[in-house]
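Here's the structure we're looking at; comments come further down.
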Protein chains: 2
Amino acid sequence: MRKVFLFMDTIINKVDAKGRVSLPSDYRAIVKDLESEIVCYRSLSLPCIEGCLEETLDKLATDIEDSTDFFSETQDNLTNLIFGDAKRFTFDSTGRIMLSEKLLKHADITDTAVFVGKGRKFQIWNPENWEKEEQRIRQEVLKNRPVLKKQKESE
Amino acid sequence: MRKVFLFMDTIINKVDAKGRVSLPSDYRAIVKDLESEIVCYRSLSLPCIEGCLEETLDKLATDIEDSTDFFSETQDNLTNLIFGDAKRFTFDSTGRIMLSEKLLKHADITDTAVFVGKGRKFQIWNPENWEKEEQRIRQEVLKNRPVLKKQKESE
DNA sequence: TTGAATCCCATAAAATACCATGTTATACCA
DNA sequence: TGGTATAACATGGTATTTTATGGGATTCAA
């Protein structure tokens with residue numbers, strides 16, 4: 001069942017007054033291919049929306065089920081935050097999803113959204129915020145370059 | 001038999017004078033899809049109602065049957081409480097269930113209820129109480145960041 | 001027969017599907 | 001390779017359906 005799929009690229013799309021955005025066509029192809037659905041939620045650490053396939057979250061739910069017993073409170077907090085925030089977003093015949101007010105507000109998105117591929121996941125950003133974030137990440141990576149190299153060599 | 005189903009999102013619905021509440025449509029779709037039923041009971045640790053599919057409780061019962069040593073005596077007692085408390089809630093043609101006085105009282109719900117998805121389970125809260133609980137959880141999770149990270153990576 | 005539970009109908013609002021158009025990307029052919 | 005035909009896509013607008021919710025009628029049991 002493990003099929004190859006990767007959310008990639010960076011795509012800028014308009015958000016209309018109703019909160020509708022075209023899901024990048026590549027993403028749509030993945031959803032159809034795997035017969036899954038898109039699920040989005042507020043990033044826990046960043047001002048952006050995070051998305052993935054429903055089957056990815058389902059796998060997480062199964063892992064939690066299997067690793068803890070029914071009454072365990074260990075993972076209770078986590079499941080509340082993740083599943084309580086996540087929502088299924090199906091796209092219409094023209095390929096658009098309708099983002100909720102809550103998500104748009106969290107990411108400070110008004111009329112334009114940037115889809116950023118992250119492999120098994122993707123993010124949706126306010127364009128200006130993403131630009132800054134990308135800069136930040138690039139610098140971060142450059143700083144840690146030696147460490148990264150050293151780690152790889154030591155393997 | 002493992003089909004994908006996830007109780008997600010946070011939905012606020014009115015509770016009328018008769019104690020009727022609309023079950024979120026996504027939840028109804030799951031029930032129909034799996035040809036199961038909704039079961040609710042008082043949370044053992046929190047002032048909220050907890051719900052799941054009847055087949056989820058059935059699975060729990062089977063697990064207990066099959067592996068006596070896995071479940072401690074304490075947990076056996078807990079299951080007694082759950083099964084003693086749990087009740088099936090079917091929804092009418094307009095999609096509403098009728099919560100009992102006992103459950104509403106336990107969760108301190110009067111005219112508004114919040115459904116919070118938890119994956120295989122969900123909770124029903126008094127709005128104000130849920131707001132506080134969500135705050136508490138967010139702080140808790142941020143403190144235990146490493147645990148969260150580990151969990152998220154497993155996606 | 002009274003109170004409670006269930007069912008059915010009505011309505012407003014919100015979500016979803018559908019249609020039309022300009023634009024961009026892709027395929028095809030000379 | 002260059003140019004044109006074709007298909008795919010993003011996006012604005014509109015129509016249709018679904019959903020939540022109030023109210024009333026009917027049924028059932030104590």
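From a predicted model like this one, the values you see are computed outputs, not experimental measurements. Chain A is the first sequence line, chain B the second, and so forth, proteins listed ahead of strands; every chain is numbered from 1.
- Among residues two or more places apart in sequence or in another chain, the side chain to side chain donor-acceptor pair (under 3.5 Å) test is passed with B/K14 by none.
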Considering only nitrogen or oxygen atoms on both sides, find all protein atoms under 3.5 Å from nucleotides 17-25 of chain C and state each distance.
from	atom 1	to	atom 2	distance (Å)
C/dA17	N6	A/R20	NH1	3.4

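- For A/F83 and B/F7, the ring centers sit 6.0 Å or farther from each other.
- Think of the region where chain B sits on DNA chain D: with heavy atoms and a 4.0 Å cut, that region ends 5' and 3' at D/dT19 to D/dG24.
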Practice task
Output, in order, the C-alpha distance, side-chain angles, deciding distance and verdict of side chain to side chain donor-acceptor pair (under 3.5 Å) for A/S22 and A/R28.
Solution key: CA-CA 10 Å; A/S22 285; A/R28 269 143 49 192; 5.1 Å; no
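- Electrostatic pairing of B/D92 and B/R20 does not count as a salt bridge here, judged by no charged N lying under 4.0 Å from a carboxylate O.
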Please list, pair by pair, any protein nitrogen or oxygen found under 3.5 Å from a nitrogen or oxygen in nucleotides 1-4 of chain C.
none

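- Contacts of A/K87 classified as side chain to side chain donor-acceptor pair (under 3.5 Å), with partners at least two apart in sequence or in another chain: none.
- A/S25 comes within contact range of the sugar-phosphate backbone alone, with a heavy-atom separation under 4.0 Å but no base atom that close.
- Partners of B/R138 by side chain to side chain donor-acceptor pair (under 3.5 Å), not counting sequence neighbours, listed by chain and number: B/E134.
- The neighbour count for A/E131 CD, taken as heavy atoms of other residues, nucleotides or ligands under 6.0 Å away, does not exceed 12.
- Here C/dA13 presents its P atom at 17 Å from CG of B/N13, a figure rounded to the nearest Å.
- B/N126 places no side-chain N or O within donor-acceptor distance of the main-chain N or O of B/I109, the cut-off being under 3.5 Å.
- Salt-bridge formation is not detected for the pair A/R88/B/D9: no Lys NZ or Arg NE/NH1/NH2 atom is positioned less than 4.0 Å from an Asp or Glu carboxylate oxygen.
- Ion pair B/R120/A/E65 flagged as a salt bridge, since at least one NZ, NE, NH1 or NH2 atom sits closer than 4.0 Å to an Asp/Glu carboxylate oxygen.
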